[in-house]
Amino acid sequence: MSGEDGQRGGGAAGDAGPEQLALVREAVRKAKVPRAKPRTWRGAALAKELPVARVLVDKGVLHLDRYFDYAVPEELDAVAQPGVRVRVRFGAGGRNVRQGRREGGSLIDGFLVERVAESDYSGPLAALAQVVSPEPVLGPELLGLARAVADRYAGSLADVLQLAVPPRHARAEAVELGEPAPPPAAPEPGTWLRYGRGAGFLRALAGGGAPRAVWTALPGPEWAEEIARAVQATLASGRGALVVVPAGRPAARVDEALGALLGEGRHALLTADAGQEKRYREWLAVRRGAVRAVVGTRAAMFAPVRDLGLVVVWDDGDASHSDDNAPFPHVREVLELRASRDKCAFLLGSWSCTVEAAQLVESGWAVPVVAGREQVRAAAPLVRTVGDGDLARDEAARAARLPSLAWQVAREGLRDGPVLVQVPRRGYVPRMACARCREPARCRHCAGPLEARDGAGALLCGWCGREEGGWHCPECGGYRLRAQIVGARRTAEELGRAFPAVPVRTSGREQVLDTVPGTPALVVSTPGAEPVAEGGYAAALLLDGWAMLGRPDLRAGEDALRRWIGAAALVRNQGDGGTVVVVAEPTLRPVQALVRWDPVGHAVRELAERAELGFPPVSRMAAVSGPAQAVLDFLEAVELPPDAEVLGPVPMDAPPVTGAASDTGAGRARRVGAPAAGEPWERALIRVPPGSGASLAGALKSAQAARMARGVSEGARVRIRVDPLDIG
DNA sequence: AGCACGCCGACT
DNA sequence: GTCGGCGTGCTC
């Protein structure tokens with residue numbers, strides 16, 4: 001409430017330039033209105049130096065995505081430093097200068113961005129109402145990064161800051177922090193020696209360099225310790241390090257590895273499931289420089305690590321790395337921005353390989369860190385396939401839903417260890433089957449799965465896209481279909497009956513198991529929820545591969561391969577008898593890549609194909625979705641760069657695919673732009689060639705800002721997403 | 001989002 | 001003349 005009272009009483013009007021304007025305006029407008037003193041800070045004592053504060057008001061709306069100037073009252077001078085949280089009066093009421101109505105607008109939160117000597121705003125300035133806390137939470141690096149992310153994703157700075165700066169907790173702020181520990185010694189390369197450029201990468205980090213690498217990790221549990229060593233090497237150079245992983249479980253693994261390597265108290269763990277106080281306390285310890293190393297989940301990508309020397313993203317193909325709040329930034333992209341802006345090292349690690357990662361290598365931005373073929377063979381399990389042809393010939397398979405090869409491998413594996421069974425999540429894909437005899441409905445041309453794409457409408461083949469008109473069951477002649485979804489639980493029950501002597505455990509959406517003992521057991525899991533087995537699994541069965549591959553999504557192949565590799569990496573190596581059976585057509589590219597354990601080759605081939613077709617990430621895309629008319633209006637209004645190409649709009653699938661959400665599925669139901677009840681939604685994709693991404697984002701942003709400023713109604717609003725995740 | 005301003009028609 | 005409709009534009 002400070003500073004308010006000084007403005008209340010009357011007093012003579014000020015006569016300085018900017019105020020005069022306001023007065024003239026006022027006088028001209030209505031002579032009958034008594035010449036009131038403009039609401040002004042004059043009369044209240046001002047800060048002597050730099051009396052103007054530039055403030056970012058904390059509203060995500062695009063048309064407010066700029067700074068507003070406020071006067072700094074003398075008594076706030078000391079605490080009103082750049083980066084602090086403030087409260088200011090903001091709103092149209094502020095312009096009402098009629099007598100008796102002094103303060104309009106309401107108190108809203110903001111960040112003080114900068115102190116300057118004068119304002120270029122021509123009206124009278126309102127005073128800062130309050131400095132919430134003297135903690136400068138928004139430093140220049142974080143501000144710059146947030147700005148860059150907002151620009152990249154056609155979003156507002158305030159929206160990004162909401163993701164980047166955790167909510168304040170007063171008690172956490174009061175905690176005194178000790179001095180940061182001195183840099184540790186540079187680590188031994190350890191298992192990094194398995195990779196061609198591994199040891200060199202560590203040496204560069206320890207020597208203060210900024211190498212950038214795409215690292216294809218060998219299967220097995222060593223990755224966490226390898227990341228910890230990279231962090232240690234960076235700390236040894238006197239710089240800080242940041243590691244972002246997709247979920248709490250991998251975060252715990254890296255946390256543990258860091259603790260083992262560095263000792264306790266030298267790194268912070270920033271995950272979403274910590275309470276507000278803890279989160280803010282850890283975040284502050286990082287910002288204040290008391291802790292130099294951070295591991296966390298996606299919100300940690302903005303962690304204000306001092307003197308950042310290395311950023312790491314693990315498993316960038318996991319959908320959890322894509323934030324589900326506007327403007328939907330992706331960890332890999334944000335860390336790329338950080339590496340470029342801060343001139344620090346960059347490490348993207350994964351057992352698999354995304355097309356984007358392959359592009360980083362192809363463009364020369366990063367170097368590949370990979371193991372030689374003999375290392376891969378030594379670390380990976382043996383992979384065998386069961387295709388449709390085998391299935392058709394396999395009577396036992398049809399009866400029991402499990403191919404004979406899978407039976408055999410499971411039985412053998414169970415002799416000396418646990419066997420992992422990966423089953424796609426229930427509802428992953430609408431899988432159609434004969435309502436009478438449960439025979440799966442397959443395309444008569446390619447044997448691909450038939451899917452009911454647009455609600456009650458036609459049946460389409462998930463592979464070749466041919467429409468199936470008059471389907472009838474080749475087995476029993478039935479003509480009614482129903483979705484046949486066999487989830488993990490039922491699979492577990494069936495397997496339990498088949499191997500009555502063996503315990504069956506399930507891990508999935510509702511309950512994720514972290515680890516299982518190394519004793520014989522069947523472990524049924526959905527993708528991403530696989531427990532780690534002590535000593536590794538003896539075998540793994542990857543069931544219903546076609547369902548993973550058949551998703552109508554550009555990433556279906558890459559995603560399936562990633563999930564298979566994610567499961568197969570938990571299996572013992574070939575030398576120790578580790579075997580994987582994947583039930584999917586062996587001629588398909590992702591299946592071959594799994595058999596050869598060559599995720600990079602797969603990504604490189606995908607990348608070439610995407611380039612040819614003009615698909616992302618080679619071109620950049622943005623999705624504009626909303627009610628049909630709203631999308632059309634938006635496309636009419638937006639001034640796109642000349643090389644932009646508009647695809648569509650086309651009606652959106654209803655309901656939207658939910659299977660592409662995060663891996664564990666632990667997250668809440670994801671709103672992928674669900675059409676409001678009754679209203680038909682459409683989506684247009686806008687594509688630009690490489691290099692025009694920024695101008696596309698700029699154009700989308702200004703068009704959206706203009707529309708929002710005009711206050712378009714709820715039903716006329718469109719949603720913009722740069723780099724949409726699921727493009728059919 | 002709010003909220004005031006201003007330019008048009010109906011009424012005292 | 002004056003009240004009040006809502007369309008437009010601004011918020012330091």
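Chain A is the first sequence line, chain B the second, and so forth, proteins listed ahead of strands; every chain is numbered from 1.
- The side-chain ring of A:Y121 is stacked on the base of C:dC12, judged by centre separation under 5.5 angstrom and plane angle under 30 degrees.
- Separating the CZ atom of A:R89 from the P atom of B:dC3 is a distance of 13 Å, rounded to the nearest angstrom.
- Close to B:dA1, at under 4.0 Å from its OP1 or OP2, lies a side-chain N or O of A:R717.
- One interatomic measurement links the two molecules: CZ of A:R87 to P of C:dT11, which rounds to 21 Å at whole-angstrom precision.
- Here the P atom of nucleotide C:dG7 and the CZ atom of A:R707 are 17 Å apart, to the nearest Å.
- Rounded to an integer number of Å, the gap from A:R66 CZ to C:dC12 C1' is 8 Å.
- Residues A:R298 and A:D324 are paired through a salt bridge, judged by an N-O separation under 4.0 Å between the basic side chain and the carboxylate.
- Taking atom CD1 of residue A:I108 and atom P of nucleotide B:dG2, one finds them 11 Å apart after rounding to whole Å.
- Distance CG (A:L56) to P (C:dC12): 14 Å, rounded to an integer number of Å.
- Looking at residues two or more places apart in sequence or on another chain, you find a side-chain hydrogen bond (donor to acceptor under 3.5 Å, both in side chains) between A:S119 and A:D69.
- In this structure, A:F328 has its ring center no closer than 6.0 Å to that of A:Y153.
- Residues passing the side-chain hydrogen bond (donor to acceptor under 3.5 Å, both in side chains) test with A:E114, sequence neighbours excluded: none.
- Note: CZ (A:F90) to P (C:dC10) measures 12 Å, nearest angstrom.
- Rounded to whole Å, atom P of C:dT11 lies 7 Å from atom CZ of A:F68.
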